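See below for the structure under consideration.
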Amino acid sequence: MFRFGCALQLQPQHSDQPSQLYARCAVACHHGLRVVRIPPALASPLPAHATAYVREYVQQHRLRLVVHAPFAHISQLIPDMATWVSFFQQLGCADAVIICHVPQLDAPTATLLKRLDPTIRHYLALEHTHHAPDRFGAFTAQVGIPPIFDWQHYHQAAPWPYTPDRTLCEWAARWVTRRPLWHMSSASAHGSPTQHGTVVDSSVVIWLLRSLRTSGHVCDIEIESPAGIAAWTRLRREIQHKAPELIPFIQSGDTHADTQ
């Protein structure tokens, strides 16, 4: 099954951390999403009295929690990553993910990544950004941390041969026993080519999903769009219209979804 997540544009909440987490997970579930990005500020261990009900909800709906680290050098993020790991362990989220960009693919960075605490490495994944895909893929293989395929970053690099489907499947295999994660967005119609657009190109998603199916891979997909749930709803509707054969392989748990 393919599971989706997207940015949740929620109104600011003047409530405690457990309530904000519960609300975020509940909104995701209501819209058939199973991958939930948690803001770093919320990803700290919960008070003991609130742990049980949040953990129960996350486990019941099999949610995958994701924290996207700020763009910084790995050495600056280690204390925060330790906090996020404690948060994941408290909720029993063994498949949660910490996503990090890697500004430098050099020997000191590789050494630092290899020496990270094993509990941090268990959750860590490295996101492809501006580097040539082949070079980035080789670096992640060297350090033994799985790569996150990002369609927009790959597309902007436009390497030759242009084979995003093959790259996605190869990188998915690097996750070994962990479920691969893939970022999907399309460039904004206005502004810089790296800015996320409000509409996601469903033809690309269908192409890549079909490639994954043919290769025997499953994958979780995070839609990166400022339109959030509206972008996901439109994408789901277009997949149903253009590629109905994929619908049985898209996990959606909401009661009103048209992809059941």
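Values reported hereafter were calculated over all heavy atoms of this structure, with side chains retained and with hydrogens, waters and symmetry mates removed. What you see is a predicted model, and the numbers here were worked out from it, not measured in a lab.
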Atom [atom1] of [X] and atom [atom2] of [Y]: how far apart are they, to the nearest 0.5 Å?
X      : Y      : atom1 : atom2 : value
Ser203 : Leu208 : OG    : CG    : 11.0 Å
Leu181 : Arg3   : CG    : CZ    : 9.5 Å
Ile239 : Arg237 : CD1   : CZ    : 11.5 Å
Thr129 : His131 : OG1   : NE2   : 4.5 Å
Tyr22  : Tyr53  : OH    : OH    : 8.0 Å
Leu124 : Leu77  : CG    : CG    : 9.5 Å

Indicate yes or no: at least one non-hydrogen side-chain atom of [X] is less than 4.5 angstrom from one of [Y].
X      : Y      : result
Met81  : Cys100 : yes
Gln17  : Ser44  : yes
Leu105 : Val102 : yes
Gln20  : Pro39  : no
Leu112 : Ile78  : yes
Val85  : Asp117 : no
Pro47  : Pro18  : yes
Glu127 : His153 : yes

Answer with yes or no whether the hydrophobic clustering places [X] together with [Y]; edges join I, L, V, M, F, W, Y residues whose side-chain heavy atoms lie under 4.5 Å apart.
X      : Y      : value
Ile223 : Trp151 : yes
Ile99  : Phe4   : no
Val97  : Leu63  : no
Val143 : Ile98  : yes
Val67  : Leu8   : yes

Distance-only side-chain donor-acceptor flag, Gln104 / Thr109, under 3.5 Å: no
Go through the side-chain N and O atoms of Ser215 and His217 and say whether any donor and acceptor fall under 3.5 Å apart. no
Please say which of [options] ends up in a side-chain contact (heavy atoms from CB on, under 4.5 Å) with [X].
X      : options                    : value
Leu65  : Ile38, Asp95, Val35, Leu21 : Ile38
Phe139 : Asp134, Leu126, Ile145     : Leu126
Leu235 : Asp201, Ile206, Val205     : Val205

Got a donor-acceptor contact below 3.5 angstrom from the [X] side chain to the [Y] backbone?
X      : Y      : answer
His122 : Ala94  : yes
Gln90  : Leu46  : yes
Trp207 : Ser202 : no
His31  : Leu33  : no
Arg37  : Ala7   : no

Taking atom CD of Gln59 as the centre, report whether more than 12 heavy atoms of other residues, nucleotides or ligands fall under 6.0 Å from it. yes
[X] and [Y]: which non-hydrogen atoms are nearest, and at how many Å?
X      : Y      : answer
Val58  : Cys93  : CG1-SG, 3.6 Å
Cys219 : Arg179 : O-NH2, 3.8 Å
Arg213 : Phe249 : NH2-CZ, 3.0 Å
Cys29  : Tyr57  : CB-OH, 3.6 Å
Ala243 : Arg210 : CB-NH2, 3.6 Å
Asp150 : His128 : CB-O, 3.7 Å

Please tabulate, for the side chains in residues 158-172, all donor-acceptor contacts under 3.5 angstrom to protein atoms that are two or more places apart in sequence or on a different chain.
from	atom 1	to	atom 2	distance (Å)
Tyr162	OH	His155	ND1	2.7
Thr167	OG1	Thr163	O	3.2

Residue of the set Arg34, Arg64, Arg178 for which salt bridge (Lys or Arg N to Asp or Glu O under 4.0 Å) holds with Asp220: Arg64
Are the ring centres of His68 and His101 closer than 6.0 Å? yes
Criterion side-chain contact (heavy atoms from CB on, under 4.5 Å) on Met184 and Val204, from CA distance to verdict: CA-CA 9 Å; Met184 181 65 211; Val204 172; 3.8 Å; yes
Tell me which pairs pass ring pair (Phe, Tyr, Trp, His ring centres under 6.0 Å) where either residue lies in residues 79-99, with sequence neighbours left out. Phe88-Tyr123
